[in-house]
Amino acid sequence: MVRTSSPGKVILFGEHAVVYGEPAIALAVTRRFKMNVRPRDGGKGHLVDGHRMTAAHHSYFKYAVENYWDGGPLDIATDSEIPSSSGMGSSAALTTSLMGAFVELSGGTIDDERERIARQSFATEYGVQGRASPTDTSTATMGMGVLLAKGPMDGLLWHVERGGAEWYIHRVDVPQLNIVVGFTGIKGNTGELVAKVRRFWESNNFAKETVADIGKLTMEGVEALNAGNVERLGELMDRNHQMLSILGVNHPKLQRLVEAARPHSYGAKMTGAGGGGSMIAITDEPERVAKAIQDAGGRPFIAEIGAPGLRRDGD
Ligand code: PMV
């Protein structure tokens, strides 16, 4: 049996625009998706948490198994600390954990195969969602901080190209920040939200400009992070949130949580695909912001960032 786990993530800047090859910054959080994977003794077909694996219920598992596993039937048991469809990258953490288990079950080691795991996990997300960026899968694989940029910079890990977009994936230092996450409790469907932005982007120049503006703002965010300028970071987060609202992925409850957090924060924005899902705030008063989010009807948690990436856990 192999036990693996991968971290969830928050996107500090650049979600949605990154699907078009614009930059993005994501930070791994200590909440993890864990799984045990073992060859099934007897019986046909793969099991997930005791149920037969189906495309309807286990789309990521099924795609990954069909494309990247050539052994016999598997028995997979999952245990996730990341709510699904919350904007915290649970599907990417699931996929990378599974891909890591495939490597270890085949006699390889995760550390030798990180790049391949990240590439195959991205291909899986892309295959299931119809379109995606490598943000979540790179962050789940590598942990810590990840920057997707339009060209090579310090800390370059690898380069990915798909569907007319390309990304240079980098490791970045994890900043010293207090981040509070607020989950609306409303599940956002990433595939549908990405498709919605796509339709807007295809039909409208203003949407194209907004996507490009998010890209520029993200690189300003990189500078603010390097300079340790939290005020500037917060200001940029507020603007990023506004641009995402223009792209049509905000939600009234998400907006309520963002507004509740702002009086005690440097900045606040939605994180991930939106349409519900989660928001993040940067603050010196995490407890106070968590309470404000809770009072506004959200589910807060104070995120610990700088989590390690995909790993094999003790048996
Ligand atoms: O909500 P999540 O965790 O699925 O994040 C999606 C991030 C997007 O930029 C909207 C899509 C992507 O593939 O990058």
Side-chain angles (χ1 to χ4, degrees), residues 6-29 31-33 59-60 63 80-96 118-119 121-141 146-150 160-167 169 179 181-201 207 210-211 214-215 217-218 221 240-241 243-251 254 269-280 303 307:
S6 302
K9 61 96 222 329
V10 292
I11 298 182
L12 211 47
F13 293 108
E15 50 273 271
H16 284 290
V18 68
V19 172
Y20 304 85
E22 294 296 336
I25 306 170
L27 301 171
V29 299
R31 292 195 167 197
R32 300 183 79 81
F33 196 109
S59 50
Y60 294 90
Y63 189 100
S80 179
E81 299 164 351
I82 315 163
S84 68
S85 306
S86 64
M88 278 183 271
S90 70
S91 62
L94 173 167
T95 306
T96 56
R119 287 184 185 279
S121 300
F122 170 50
T124 300
E125 281 227 316
Y126 201 99
V128 173
Q129 290 176 13
R131 194 165 277 277
S133 81
T135 313
D136 291 18
T137 42
S138 312
T139 311
T141 308
V146 169
L147 164 69
L148 283 77
K150 288 173 129 174
V160 179
E161 231 176 301
R162 185 101 193 206
E166 62 169 345
W167 303 269
I169 297 166
I179 299 182
V181 178
F183 177 35
T184 56
I186 300 165
K187 290 177 183 271
N189 182 318
T190 302
E192 280 171 20
L193 289 153
V194 168
K196 181 181 174 187
V197 174
R198 182 100 205 154
R199 288 193 294 276
F200 190 31
W201 183 86
T210 305
V211 163
I214 291 176
L217 179 141
T218 298
N240 194 169
H241 179 75
M243 291 172 180
L244 287 162
S245 301
I246 293 171
L247 292 181
V249 293
N250 199 353
H251 182 281
L254 204 44
K269 65 180 273 290
M270 52 170 280
T271 188
S278 300
M279 48 71 67
I280 52 171

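As the structure is a computational prediction, the values presented were derived from the model and not from experiment. For ligands, and for the atoms within them, numbers begin at 1 and follow the listed sequence. Computed from heavy atoms alone, side chains included, the values below leave out hydrogens, waters and symmetry copies.
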Self-check item: Separation between CG of Leu247 and CG of Leu193, rounded to the nearest 0.5 Å
Solution: 11.0 Å
Quiz item: Given that the side chain starts at C-beta and the backbone is N, CA, C, O, which of these parts of Val19 lies under 4.0 Å from ligand 1, counting heavy atoms, or is it both or neither?
Solution: side chain
Quiz item: Salt-bridged, Glu125 to Arg162, with N to O below 4.0 Å?
Solution: no
Practice problem: Go through Phe122 and Trp167 one step at a time and tell me if the ring pair (Phe, Tyr, Trp, His ring centres under 6.0 Å) criterion holds. | Solution: CA-CA 12 Å; Phe122 170 50; Trp167 303 269; 5.7 Å; yes
Quiz item: When you measure from atom 5 (O) of ligand 1 to every protein heavy atom, which one gives the shortest distance, and what is it?
Solution: Asp136 OD2, 3.3 Å
Practice problem: Number the atoms of ligand 1 from 1 as they appear, then name those within less than 4.0 Å of a heavy atom of Ala132, with their elements. | Solution: 13 (O)
Self-check item: From CA spacing to verdict: side-chain hydrogen bond (donor to acceptor under 3.5 Å, both in side chains), Thr96, Ser6
Solution: CA-CA 7 Å; Thr96 56; Ser6 302; 2.8 Å; yes
Exercise. Check ligand 1 against Glu15 and write out every atom of the ligand that is under 4.0 Å from a heavy-atom position of the residue.
Key: 9 (O)
Quiz prompt | Sub-4.0 Å atoms of ligand 1 with respect to non-hydrogen atoms of Thr190 | solution = 1 (O), 2 (P), 4 (O), 6 (C)
Exercise. Report the nearest protein non-hydrogen atom to atom 8 (C) of ligand 1: residue, atom name, distance rounded to 0.1 Å.
Key: His16 N, 3.9 Å
Quiz item: Among all protein non-hydrogen atoms, which one is nearest to atom 7 (C) of ligand 1, and what is the separation to 0.1 Å?
Solution: Ile11 CD1, 3.9 Å
Quiz item: What protein heavy atom sits nearest atom 13 (O) of ligand 1, and how far off is it?
Solution: Ser133 N, 2.8 Å
Quiz item: What is the nearest protein non-hydrogen atom to atom 1 (O) of ligand 1, stated with its residue, atom name and distance?
Solution: Ala273 N, 2.8 Å
Quiz item: Where do Lys187 and Ser86 land on the side-chain hydrogen bond (donor to acceptor under 3.5 Å, both in side chains) test, with the steps shown first?
Solution: CA-CA 6 Å; Lys187 290 177 183 271; Ser86 64; over 6 Å; no
Quiz item: If you measure from CD1 on Ile25 to CG on Leu147, what distance do you get to the nearest 0.5 Å?
Solution: 6.0 Å
Self-check item: Met88 neighbourhood, listing ligand 1 atoms whose heavy-atom distance to it stays under 4.0 Å
Solution: 3 (O)
Quiz item: Side chain, backbone, both or neither: which part of Lys9 comes within less than 4.0 Å of ligand 1 when only heavy atoms are counted?
Solution: side chain
Exercise. Mark up the atoms of ligand 1 that fall under 4.0 Å of a heavy atom belonging to Val18, in ascending order.
Key: 9 (O), 14 (O)
Quiz item: Is the shortest heavy-atom distance from the side chain of Glu22 to the side chain of Ser133 under 4.5 Å?
Solution: no
Self-check item: Contact check, Gly89 vs ligand 1, heavy-atom distance below 4.0 Å
Solution: yes
Quiz item: Do Val181 and Met88 pass the side-chain contact (heavy atoms from CB on, under 4.5 Å) test, and can you show the C-alpha distance, the side-chain angles, and the key distance before you say yes or no?
Solution: CA-CA 9 Å; Val181 178; Met88 278 183 271; 3.9 Å; yes
Quiz item: To the nearest 0.5 Å, what is the distance between CE (Met270) and NE2 (His16)?
Solution: 5.0 Å
